[in-house]
Protein chains: 2
Amino acid sequence: MKEFSARQKEIIRAAIELIAESGIQSVTIKKLSQKIGIAESAIYRHFENKLEILLGILSQFRSSKMEALEYIQAADATEIEQLQMVFSERFKQFTRNPAITAVIFSEEIFQNDKRLADEVYAIMNSSLKMILSIIQRGQQNKSIRSDISADQLSLIIIGALRLLVVRWRLSSFSFDLTKEGEKLWLSIRQMIRA
Amino acid sequence: MKEFSARQKEIIRAAIELIAESGIQSVTIKKLSQKIGIAESAIYRHFENKLEILLGILSQFRSSKMEALEYIQAADATEIEQLQMVFSERFKQFTRNPAITAVIFSEEIFQNDKRLADEVYAIMNSSLKMILSIIQRGQQNKSIRSDISADQLSLIIIGALRLLVVRWRLSSFSFDLTKEGEKLWLSIRQMIRA
DNA sequence: GTTATGTGAGTGAATATTCACAAACAAATA
DNA sequence: TATTTGTTTGTGAATATTCACTCACATAAC
């Protein structure tokens, strides 16, 4: 896992904010340096080039997500409880850092570079695998319905979660994500229980 | 509804392809003109500026989607059948024009301009409303379950549809979208039926 | 005094857009 | 019929601006 200095983290945070404010096209070295309050050239003391900054965004998100997911997997909880934890943890993460939502469910913004695109794809799949394995265990001990495959259930669950977050963002965070997320979870639980 | 000349359509198509190939950042007047085989300046004979081209992408997608949705709403079919038609029509549309998937579920790529962002938001909401009204009717005549609100059901359904399409695209269209869409539909039908 | 971090000036390439002008064709006029 | 005028669609060169990145030099931290 990559370690970032304080300044590096600051640059990454500024980049995320720029994306959230006005899209990937507004992430320029000039705007980054202005946002932080240093000279453009100073950015290059901390990152080799712009690509490394963008990779930094993804790397940081990946590790904070992994942390949350490992904590959940380690918890002594039923599968349904674990799924609920995935929901509430993700929503908590997004509420704490709303700008990241502009980045993480918008795979297309990183499509201009293969390394970026691959990393985004990997992040997406890691979530999917985690949810999938919880559901499979739940189906084995009959706490989750088995008439629909685990693949399909995880697609449906993650799809709903993503769409709720996207709508939250496109509405300029105009509703309470935690509350709506809780409502969504109750609906999903109702639909997947055995 | 805006009418586009043959050349304008050609430019719009080229722009969509560029986005699909390597992201919004690769949509430059130079690349557009190269793809079409005319001079850069010739582009400006057909669009006032670059923004109008991007608006053209959205406008064209919106009208082709509206066409499909109106056709479905006019059809004499049960609510479940109508939902199935929404699924199959959308998937057919995407299979015919895969590049558009890089654009239409990636709201963030248009966030650098307010007009673009508003148009994207409107397109998303129009789908949602359509599905919502079908579900509400289905709940009234008890063909769709009522223990979960129509809002929640439509969020879940559209979320799954979107995610399937995004995965299809990120996997470089490596699976049969129509087939997987059909499977997804069967699962959803199973979950929402009264 | 060495290393880490910062600065300001400068680079060439890329960017969207504008310009004067030309070829092809149609319509109006002689 | 021959000539003038207008329109559409193109071109290539030029515009100002922005881009990521480099370099010589300064200052602060250890």
Side-chain angles (χ1 to χ4, degrees), chain A residues 2-59 103 108-117 119, chain B residues 2-59 103 108-117 119:
Chain A
K2 220 174 241 171
E3 283 295 324
F4 291 111
S5 71
R7 192 57 117 194
Q8 283 179 318
K9 284 180 192 163
E10 196 177 1
I11 293 170
I12 288 173
R13 193 175 340 117
I16 292 172
E17 279 167 22
L18 280 174
I19 293 175
E21 282 162 24
S22 38
I24 188 76
Q25 293 170 96
S26 69
V27 180
T28 64
I29 301 296
K30 187 177 183 180
K31 286 190 184 152
L32 276 174
S33 63
Q34 283 173 343
K35 201 155 190 127
I36 296 170
I38 57 176
E40 288 180 55
S41 46
I43 300 281
Y44 291 90
R45 292 281 173 213
H46 305 278
F47 285 99
E48 208 175 310
N49 53 43
K50 191 179 160 184
L51 176 62
E52 295 298 323
I53 299 175
L54 299 177
L55 282 170
I57 294 178
L58 297 179
S59 162
V103 174
E108 298 309 325
I109 65 181
F110 293 115
Q111 288 295 319
N112 69 325
D113 180 272
K114 188 156 168 30
R115 279 174 71 195
L116 289 170
E119 177 71 10
Chain B
K2 218 174 245 174
E3 283 294 325
F4 291 110
S5 70
R7 191 58 116 191
Q8 282 178 318
K9 284 181 193 163
E10 196 178 1
I11 293 170
I12 289 173
R13 194 175 339 120
I16 292 173
E17 279 168 21
L18 279 174
I19 294 176
E21 282 163 23
S22 40
I24 188 77
Q25 293 170 97
S26 68
V27 180
T28 64
I29 301 296
K30 188 178 183 179
K31 285 190 185 154
L32 276 174
S33 63
Q34 283 172 345
K35 203 158 187 123
I36 296 171
I38 55 176
E40 291 179 53
S41 46
I43 301 280
Y44 290 91
R45 292 283 171 213
H46 305 279
F47 285 100
E48 209 175 308
N49 52 44
K50 191 179 158 183
L51 176 63
E52 295 297 324
I53 299 175
L54 299 177
L55 281 170
I57 294 178
L58 297 179
S59 162
V103 173
E108 299 308 325
I109 64 180
F110 293 116
Q111 289 296 317
N112 69 324
D113 179 273
K114 191 160 167 23
R115 279 173 73 197
L116 288 171
E119 176 71 10

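Sequence lines set the chain letters: A, B, ... in the order given, protein chains first and strands last, and positions in each chain run from 1.
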Original post:
Do you know which two heavy atoms are closest between B:Q8 and B:E3, and how far apart they sit?
Top reply: OE1-O, 4.0 Å
Original post:
What heavy-atom pair brings A:G56 and A:F4 nearest, and what distance separates the two atoms?
Top reply: CA-CZ, 3.8 Å
Original post:
5' to 3' on DNA chain D, which nucleotides open and close the contacts with chain B (atom under 4.0 Å from a heavy atom)?
Top reply: D:dT9 to D:dG12
**OP:** Before giving the answer on side-chain contact (heavy atoms from CB on, under 4.5 Å), spell out for B:L55 and B:D113 the whole-Å C-alpha distance, their side-chain angles and the decisive distance to 0.1 Å.
**Re:** CA-CA 10 Å; B:L55 281 170; B:D113 179 273; 5.9 Å; no
**OP:** Go through the structure and list residues passing side-chain hydrogen bond (donor to acceptor under 3.5 Å, both in side chains) with B:E108, not counting sequence neighbours.
**Re:** A:R169
Subject >> Counterpart residues, salt bridge (Lys or Arg N to Asp or Glu O under 4.0 Å), relative to A:E119 (two or more places apart) >> reply: A:R62
**OP:** Mind listing the residues from residues 26-38 of chain A sitting with a heavy atom below 4.0 Å of DNA chain C? Number order is fine.
**Re:** A:I38
Below 3.5 Å, can you tabulate the donor-acceptor pairs from side chains in residues 10-22 of chain B to any protein atom, sequence neighbours excluded?
from	atom 1	to	atom 2	distance (Å)
B:E10	OE1	B:R7	NH1	2.8
B:E21	OE1	B:K35	NZ	3.2
B:E21	OE2	B:K35	NZ	2.5
B:S22	OG	B:S26	OG	3.3

Subject >> 5'-most by nearest nucleotide on DNA chain D - A:Q25 or A:S41 >> reply: A:Q25
**OP:** Nearest whole angstrom, please: distance from the P of C:dG6 to the CD1 of A:I43.
**Re:** 9 Å
**OP:** Scan residues 36-48 of chain A for pairs that pass side-chain hydrogen bond (donor to acceptor under 3.5 Å, both in side chains), counting only residues two or more places apart or in two chains.
**Re:** none
Subject >> Nearest heavy atoms of A:I43 and A:L32, plus distance in Å >> reply: CD1-CB, 4.2 Å
